[in-house]
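Here the structure comes first, spelled out in structure tokens, and everything after it is commentary.
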Protein chains: 2
Amino acid sequence: MSKAEEAEAVLDEPQGSIAGSRVDHVYNRVKEDIFDFRLLPGDRFTESQVADRLKVSRTPVREALYRLEREGYVFVHFRNGWSVRPFDFVMFENLYELRLVLETAAVRKICDGPDLARIEELKDVWLVADADRVVDSLQAAELDEAFHTTIVDAAENPELARVHNDVIERIRIIRRLDFTQGYRVERTYEEHAKILQALLRRRADTACSLLKAHIEESRAEVRKITIHRLQAARQS
Amino acid sequence: MSKAEEAEAVLDEPQGSIAGSRVDHVYNRVKEDIFDFRLLPGDRFTESQVADRLKVSRTPVREALYRLEREGYVFVHFRNGWSVRPFDFVMFENLYELRLVLETAAVRKICDGPDLARIEELKDVWLVADADRVVDSLQAAELDEAFHTTIVDAAENPELARVHNDVIERIRIIRRLDFTQGYRVERTYEEHAKILQALLRRRADTACSLLKAHIEESRAEVRKITIHRLQAARQS
DNA sequence: GTAGACAAACATGTATGCAAGAGGATGGAG
DNA sequence: CTCCATCCTCTTGCATACATGTTTGTCTAC
């Protein structure tokens with residue numbers, strides 16, 4: 001097999017991580033614990049605790065924790081245990097700013113590009129009659145995320161998409177929490193519809209400023225809910 | 001392994017690991033091997049090979065390799081060895097585009113911001129007489145990188161800086177190679193000086209378009225050199 | 001000669017044991 | 001009581017042994 005063919009074959013193979021792997025299991029469980037505030041920001045814990053609780057040895061636990069560390073969820077203290085990364089609202093502001101930068105770049109590239117096919121598809125979800133709208137707020141949150149992800153994907157730069165994914169994932173620590181009211185759902189529909197229309201008309205500037213306002217609103221909302229949820233978790 | 005052999009192994013290191021951690025050592029060595037084309041894109045290797053060569057056990061090797069996998073340098077094949085990620089020129093184009101997005105955002109934020117102190121510091125390096133300029137091309141490449149990193153840092157968004165760092169690092173796989181001529185060094189001085197002056201005058205649009213041209217030039221140069229080096233490495 | 005079964009070699013995945021260092025507990029001196 | 005040296009416990013870092021699955025080469029049947 002030639003070098004080139006070999007390289008091709010490598011790309012064709014499925015990703016290394018198998019779903020059934022213990023490392024993945026530990027990784028997912030610990031991440032869920034962090035997301036759902038069973039592990040609070042600042043909490044300390046040890047590899048053995050996790051290993052005992054999940055009934056595996058320390059080896060896969062270590063690999064999972066190092067992965068989480070690399071992604072910024074936990075810290076390792078040299079020979080002195082692990083801790084959940086404290087909440088840092090400044091960081092979240094920065095993540096939102098970064099997110100806006102990335103999505104704005106995507107919007108501009110799309111408006112300059114030749115093809116709006118992938119954007120057109122969004123019409124089926126966001127430009128629909130009231131009766132066809134989703135009302136469940138968790139489901140709506142997922143749709144919202146998909147909207148933004150689709151836009152970034154449409155810019156056809158996988159590296160941009162990868163980074164955007166990372167940012168979204170870290171924001172999702174709070175985002176994923178249930179939204180208290182449904183009024184953001186309606187507003188989201190309105191705002192997305194406007195952005196979408198601007199995109200379809202290739203009005204980059206308009207789309208960007210709408211996007212900026214939309215993300216700012218979202219940021220403020222998420223911030224408010226997070227503080228509330230965090231306080232509630234702390235008291236129990 | 002006996003104590004004496006272990007001591008020898010440690011002394012064997014050319015650089016001497018700064019952090020005593022074996023994981024870091026393996027991580028750095030393997031990355032260097034990839035950077036310097038001792039490990040070619042598409043090459044396959046095993047954990048044991050690396051462990052034997054670096055005189056450590058498989059445990060730190062595995063942690064280092066998973067780190068490299070997470071960063072996109074290598075792939076793990078389930079129970080079937082590892083391989084170096086194949087070169088993908090499309091990916092590099094995308095990385096350069098992303099880099100431009102990030103740096104442009106930084107420039108705009110700086111120009112809108114209140115404080116140019118960190119930018120002023122760059123004058124000491126880039127706005128100097130010809131006689132004070134660096135001529136060594138490797139050293140110049142490092143200075144060039146520092147220029148861009150400083151700009152991003154000055155935007156005061158650590159998340160933006162982190163992502164930018166990632167992107168730069170992945171570009172550096174090729175960047176780090178020796179530059180064939182020195183003429184890019186002089187051009188770099190000129191271009192950086194112009195960008196710097198625009199920044200100091202808070203001319204965001206000017207700075208951005210200069211930056212874009214500068215990065216485009218760099219991209220073209222790096223691409224050319226990479227293809228050349230890669231072909232040379234493949235033939236040996 | 002060819003196809004298929006099968007086993008040996010080998011790769012990673014996981015568990016476990018030991019070593020080294022960080023941090024708190026303890027006890028004595030002031 | 002306070003302070004400091006010392007020890008002891010606990011934690012991670014690393015090495016090694018074992019488990020599990022993949023690949024590959026060989027041997028046999030046809």
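Throughout, protein chains are lettered first and strands after them, A, B, ... in sequence-line order, and every chain is numbered starting at 1. If you're wondering where the values come from, they're calculated on a predicted model, not measured in any experiment. Note that these values count all heavy atoms, side chains included, but never hydrogens, waters or copies made by symmetry.
- One can place CZ of Phe45(A) at 16 Å from C1' of dC10(D), the figure rounded to the nearest angstrom.
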Please step through side chain to side chain contact (heavy atoms under 4.5 Å, CB included) for the pair His192(B) and Val125(B), ending with a clear verdict.
CA-CA 10 Å; His192(B) 281 194; Val125(B) 180; over 6 Å; no

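- Nucleic acid contact class of Thr59(B) (heavy atoms, under 4.0 Å, all strands): base.
- Using a 4.0 Å cut-off, no side-chain N or O of Arg58(A) falls inside it from OP1 or OP2 of dT16(C).
- Put simply, Trp82(A) has a side-chain N or O that comes within less than 4.0 Å of OP1 or OP2 on dT12(D).
- In this structure, CD of Glu47(A) is placed 16 Å from P of dG17(C), rounded to the nearest angstrom.
- One can place CG of Asp24(A) at 17 Å from P of dT12(C), the figure rounded to the nearest angstrom.
- Following rounding to the nearest Å, Lys55(A) (NZ) and dA15(C) (P) show an atom-to-atom distance of 13 Å.
- For Arg79(A) against dT12(D), a side-chain N or O and a base N or O form a donor-acceptor pair under 3.5 Å.
- The residue from Arg67(A), Arg62(A), Arg70(A) that alone fulfils the salt bridge (Lys or Arg N to Asp or Glu O under 4.0 Å) condition with Glu63(B) is Arg62(A).
- When the nucleotides dG13(C), dT12(D), dT14(C) are ranked by their closest atom to the side chain of Pro60(A), dT14(C) comes out on top.
- The side chain of Asn80(A) contributes an N or O atom lying less than 4.0 Å from OP1 or OP2 of dG23(C).
- Counting only N and O atoms by type, the side chains of His77(B) and Ser83(B) include a donor and acceptor under 3.5 Å apart.
- Between Leu54(A) atom CG and dT14(C) atom P the separation is 13 Å, expressed in whole Å.
- Ranking dA15(D), dA15(C), dT14(C) by closeness to the Val56(A) side chain, first place goes to dA15(C).
- Taking atom NE2 of His77(A) as the reference point, atom P of dA20(C) lies 24 Å away to the nearest angstrom.
- With a 6.0 Å cutoff to the six-membered ring centre and a 45° limit on the axis angle, Arg223(A) counts as a cation-pi contact of Phe89(A).
- Atom C1' of nucleotide dA15(C) and atom CZ of Arg22(A) are separated by 9 Å, given to the nearest angstrom.
- Distance CZ (Phe78(A)) to C1' (dC10(D)): 14 Å, rounded to an integer number of Å.
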Please evaluate residues Tyr96(A) and Glu159(B) with respect to the criterion side chain to side chain donor-acceptor pair (under 3.5 Å), reporting the C-alpha separation (whole Å), side-chain torsions for both, the decisive distance (0.1 Å), and the verdict.
CA-CA 10 Å; Tyr96(A) 264 97; Glu159(B) 299 304 316; over 6 Å; no

